[in-house]
Structure formats: structure tokens, C-alpha cells
Amino acid sequence: MKRLFLSVITVLCLSTVCFSQEKLEITDWNMEMHLSDLARYLDLNSIQYEHVSDAIDFFSDKMKSAKYSMGKRQIKYLNEAVYGNLKLMRSTLSQDQYKKYLRILNSQLRNKGLNPYIKSTSDFLAQNKIIKY
């Protein structure tokens with residue numbers, strides 16, 4: 001009787017976990033309005049400013065596609081947004097600027113509760129290391 005009860009509880013718990021596709025609360029990442037503050041903080045020149053603006057547009061578009069998808073696809077789009085943004089920023093910024101940007105991105109992801117869903121970059125973001133591609 002004990003085994004039967006435990007097996008029923010186990011099956012119910014597993015079915016609840018498997019069938020509930022939790023949708024992450026991804027809000028709009030409109031960082032355009034904070035671009036001037038970011039440029040001042042990172043001390044960007046005019047060419048870097050244009051590249052960073054493009055990278056932020058890319059990041060915002062990818063985050064919108066992550067916002068409107070569900071399940072594994074949502075996590076996939078979230079990872080693509082973060083990886084793509086880091087890759088674009090790495091090619092644009094100097095090493096010191098990139099470290100500062102990593103701190104900003106890490107704090108934003110942590111504040112929004114998305115840090116656990118980022119594959120393997122969360123370790124780099126937490127330690128402020130440079131990701132090499």
C-alpha cells in the first residue's frame with residue numbers, strides 16, 4: 001500500500017512538472033532610452049556608440065522574440081540574445097569597457113530573474129570574465 005501511494009504521488013508530481021511549460025516573465029528590453037547613460041559610463045567614442053546602438057537593437061529584437069515564445073524555445077531565444085549581444089559588444093568594446101558592460105548585463109539579468117536560464121554564460125557573467133569565441 002505504501003509503494004502504491006508513493007508511486008501515485010511520484011506520477012502526479014512528474015506529470016505536473018512535465019506538462020507545465022512555465023513561461024518566463026521577460027519584459028521589454030528597450031535599452032535605447034538608457035543608451036546615453038551607458039555611453040557615458042563606458043566612455044564610448046562616436047564609432048563605438050553606433051556599434052553599441054546596433055548591438056542593443058539586436059538584443060531588444062531577440063528579447064522580443066523570446067518574450068512571445070514558450071518553453072525550450074523561449075530559453076533558446078534568450079540564450080541567443082545574450083550570446084549575440086556579448087559577441088557584438090566584445091568586438092566593439094575594449095577590455096575594460098567590456099568588463100563594465102558585463103557587470104551591467106549581469107545585474108540586469110539577475111534583477112529580472114533570468115540569470116539561471118542563461119547557459120554557461122552565467123558563470124562568466126558572475127565572475128566578470130571575458131568570453132572568447
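We count residues from 1, following the sequence as given. When reading the values below, keep in mind they use all heavy atoms of this one structure, side chains included, and skip hydrogens, waters and symmetry mates.
If you chain together hydrophobic residues whose side chains sit under 4.5 Å apart, Leu93 and Leu105 fall into the same group. Residues Ile104 and Leu102 fall within the same hydrophobic cluster, defined by Ile, Leu, Val, Met, Phe, Trp and Tyr side chains chained together at heavy-atom separations under 4.5 Å. The hydrophobic cluster containing Tyr49 also contains Leu42, counting ILVMFWY residues as joined when their side-chain heavy atoms lie under 4.5 angstrom apart, directly or transitively. Grouping the Ile, Leu, Val, Met, Phe, Trp and Tyr side chains by contacts below 4.5 angstrom, directly or via other members, places Phe58 apart from Tyr68.
Between the side chain of Asn85 and the main chain of Ala81, no donor-acceptor pair closer than 3.5 Å is present.
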Residue pair Val52, Leu35: steps toward the side chain to side chain contact (heavy atoms under 4.5 Å, CB included) verdict: CA-CA 8 Å; Val52 168; Leu35 187 58; 3.9 Å; yes
Could you walk me through whether Lys99 and Asp96 pass the salt bridge (charged side-chain N to carboxylate O under 4.0 Å, His left out) check? CA-CA 5 Å; Lys99 284 181 182 180; Asp96 293 332; 5.2 Å; no
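Using a 4.5 Å heavy-atom threshold, the side chains of Asn106 and Arg103 count as separate.
Residues that satisfy the side-chain contact (heavy atoms from CB on, under 4.5 Å) test with Ser107, not counting sequence neighbours, are absent from this structure. Judged as a side-chain hydrogen bond (donor to acceptor under 3.5 Å, both in side chains), and not counting sequence neighbours, Ser65 has no contacts. Among residues two or more places apart in sequence or in another chain, the side-chain hydrogen bond (donor to acceptor under 3.5 Å, both in side chains) test is passed with Glu80 by Lys62.
When every heavy atom of Lys67 is checked against every heavy atom of Gln74, the shortest pair comes out as O-NE2, 4.0 Å. Of all heavy-atom pairs between Gln48 and Thr92, the closest is NE2-O, 3.3 Å. In this structure, Ile56 and Met89 approach most closely via the heavy-atom pair CG1-CE, 4.1 Å. Of all heavy-atom pairs between Leu86 and Tyr101, the closest is CD2-CE2, 4.5 Å.
In this structure, Leu44 CG and Glu50 CD are separated by 11.5 Å, a value rounded to the nearest 0.5 Å. To the nearest 0.5 Å, atoms CG (Asp37) and CZ (Arg40) are separated by 5.0 Å. Atom CG of Leu78 sits about 11.0 Å away from atom OH of Tyr83, to the nearest 0.5 Å.
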